[in-house]
Amino acid sequence: MSEFENKTVVITGASRGIGEAAARHLAALGANVVLAARSVGDIERIAAEIEKAGGKATAFACDVSRYDDVKALIARAVDLYGRLDVLVNNAGLIEPIARLADSDPEGWCQVVDVNVKGVYFGLRCAIPEMTARGGGTIINISSGAATGALEGWSHYCATKAAVLSLTRCTDKEYRGEGIRMIGLSPGTVKTEMQVAIKKSGVNPVSQLDPSVHIPPEWVAQTIAYLCGPEGDAYLGTDFSLKTDEGRAAVGLPAVS
Ligand code: NAP
């Protein structure tokens with residue numbers, strides 16, 4: 001029996017890219033998966049495809065920048081499946097890309113609302129559910145931008161740095177109560193986000209050849225790996241898929 005059998009996993013930003021791949025992979029491993037995003041048609045289609053393939057999946061419309069939506073999402077998962085074992089805080093934005101003095105204050109703050117407040121809301125709602133039932137795993141999707149500086153990405157770098165800080169602080173507060181908090185920095189991944197980055201033409205990431213991006217399925221595989229006992233070595237930190245050590249630990253090919 002898979003370690004995910006009868007486990008409930010909530011994934012935000014599951015309508016495409018990394019979140020979609022994670023939903024499909026964890027459902028194939030036996031988890032009850034709750035897919036959350038704003039694009040209801042997409043998450044409903046993906047959930048139906050998972051169910052057709054023999055998995056267990058539910059779609060739930062959720063804008064992570066709204067506390068009430070996230071609260072309802074976690075409540076729905078517990079209602080449906082009786083518990084919450086894993087939360088993947090994956091929903092994230094990178095647009096609008098612009099140098100700071102050219103940035104649109106509304107767009108810049110929307111990135112804060114999704115990338116930081118959305119993660120905070122997930123933690124705020126999931127941690128009490130998990131601690132009440134003996135614990136759980138929370139994966140915050142991070143980025144090299146959490147510790148690096150890139151032109152045109154002040155909103156993205158600042159928000160991913162904040163997410164890393166949330167990973168560290170909540171690990172300190174709740175590890176003793178069974179919460180396994182882990183950040184995951186995936187490197188560059190072949191998703192719509194990288195298409196937008198390329199189009200911007202700003203900074204060296206936009207100049208990368210798309211062939212260097214890893215498939216989202218590798219990130220999904222890493223999320224499953226971190227949910228297992230091996231993930232304990234990375235509690236309170238960002239696990240990186242940009243290093244050969246990280247790739248080897250998960251059983252993925254080396255960087256070059
Ligand atoms: P993507 O293809 O653009 O997907 C982003 C996902 O986030 C979508 O499912 C989107 O769904 C969801 N989302 C955005 N705003 C939301 C909101 N307000 N409420 C709920 N969901 C929302 O991007 P991706 O590459 O898969 O990125 C996933 C995560 O990985 C992000 O946190 C990103 O920062 C991180 N990351 C990506 C890369 C990369 O190279 N791709 C590298 C490092 C880190 P809806 O639009 O349907 O709501």
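Atoms within a ligand are numbered from 1 in the order they appear, just like the ligands themselves. Note that these values count all heavy atoms, side chains included, but never hydrogens, waters or copies made by symmetry.
Closest to atom 13 (N) of ligand 1 among all protein heavy atoms lies Ala91 CB, 3.9 Å. Closest to atom 25 (O) of ligand 1, if we only count protein heavy atoms, is Thr191 OG1, 2.5 Å. In this structure, the protein non-hydrogen atom closest to atom 19 (N) of ligand 1 is Val64 N, 2.9 Å. Regarding atom 14 (C) of ligand 1, its nearest protein heavy-atom neighbour is Arg38 NH2, 3.5 Å. Protein heavy atom closest to atom 35 (C) of ligand 1, with residue, atom name and distance, is Ile141 CG2, 3.6 Å. In terms of protein heavy-atom proximity, atom 27 (O) of ligand 1 is closest to Met193 CE, 4.0 Å. Among all non-hydrogen protein atoms, the one lying nearest atom 8 (C) of ligand 1 is Ser15 OG, 3.5 Å. Summary of contacts: the protein heavy atom closest to atom 26 (O) of ligand 1 is Ile18 N, 2.9 Å.
Here CG of Asp104 is found 9.0 Å from SG of Cys109. Values are rounded to the nearest 0.5 Å. Annotation: the span from Ile46 atom CD1 to Arg16 atom CZ amounts to 10.0 Å, rounded to 0.5 Å.
The closest heavy-atom contact to atom 3 (O) of ligand 1, among the options Arg16, Lys117, Glu20, comes from Arg16. Counting only non-hydrogen atoms, the option in Gly17, Gly187, Ala196 that gets closest to atom 42 (C) of ligand 1 is Gly187. Taking only non-hydrogen atoms, the option from Ser39, Ala145, Cys62 nearest to atom 47 (O) of ligand 1 is Ser39.
In this pair, Tyr234 and Phe239 present their aromatic rings perpendicular. The plane angle is above 60°, beyond the 30 to 60° band.
Every heavy atom of Lys190 sits 4.0 Å or more from the atoms of ligand 1. Heavy atoms of Ser142 come nearer than 4.0 angstrom to ligand 1 in at least one pair. The shortest heavy-atom distance from Ser185 to ligand 1 is not under 4.0 Å.
Between Gly136 and Met130, the closest heavy-atom pair is CA-SD, 3.8 Å. Of all heavy-atom pairs spanning Val9 and Ala31, the tightest one is CG2-CB, 3.7 Å. Closest heavy-atom contact between Asp85 and Thr8: OD2-N, 2.8 Å.
Taking the side chain as every heavy atom from C-beta outward, Asn140 and Ile182 never approach each other to under 4.5 Å. Looking only at side-chain heavy atoms (C-beta outward), Leu235 and Arg175 come within less than 4.5 Å of each other. Taking 4.5 Å as the limit, every side-chain heavy atom of Thr222 sits out of range of all side-chain heavy atoms of Ile139. Residues Val195 and Pro210 have side chains not in contact (no heavy-atom distance under 4.5 Å, counting atoms from C-beta outward).
For a threshold of 3.5 Å applied to N or O pairs, the pair formed by Val189 and ligand 1 contains at least one separation below that value. For ligand 1, none of its N or O atoms has an N or O atom of Gln110 under 3.5 Å away. At least one N or O atom of Gly13, backbone or side chain, sits closer than 3.5 Å to an N or O atom of ligand 1. The shortest N/O to N/O separation between Lys160 and ligand 1 falls below 3.5 Å.
The Tyr156 neighbourhood of ligand 1 comprises atoms 33 (C), 34 (O), 35 (C), 36 (N), 43 (C), 44 (C), with distances under 4.0 Å to a heavy atom of that residue. Less than 4.0 angstrom separates some heavy atom of Asp63 from each of these atoms of ligand 1: 17 (C), 18 (N), 19 (N). Within ligand 1, counting atoms from 1 as listed, the ones closer than 4.0 Å to a heavy atom of Gln194 are 39 (C), 40 (O). For ligand 1, the atoms closer than 4.0 angstrom to any heavy atom of Pro186 are 42 (C), 43 (C), 44 (C). Atoms of ligand 1 lying under 4.0 Å from at least one heavy atom of Thr188, given by number and element, are 40 (O). Within ligand 1, the atoms closer than 4.0 Å to a non-hydrogen atom of Val114 are 15 (N), 18 (N), numbered from 1 in the order shown. Less than 4.0 angstrom separates some heavy atom of Ala14 from each of these atoms of ligand 1: 9 (O).
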Residue pair Glu217, Arg24: steps toward the salt bridge (Lys or Arg N to Asp or Glu O under 4.0 Å) verdict:
CA-CA 9 Å; Glu217 289 75 18; Arg24 291 185 189 278; over 6 Å; no

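A donor-acceptor contact shorter than 3.5 Å is absent between the side chain of Lys190 and the backbone of Ile214.
When heavy-atom distances to ligand 1 are checked against a 4.0 Å cut-off, Leu93 comes that close only through its side chain, counted from C-beta outward.
Grouping Ile, Leu, Val, Met, Phe, Trp and Tyr by side-chain contacts under 4.5 Å, direct or through others, puts Leu150 with Ile94, Ile97, Trp153, Tyr156, Met193, Ile197, Val202, Val205, Leu208, Val212.
One finds a salt bridge joining Asp42 and Arg45 here, because a Lys/Arg side-chain nitrogen approaches an Asp/Glu carboxylate oxygen to under 4.0 Å.
The environment of CZ in Arg133 is crowded: more than 12 heavy-atom neighbours from other residues, nucleotides or ligands sit within 6.0 Å.
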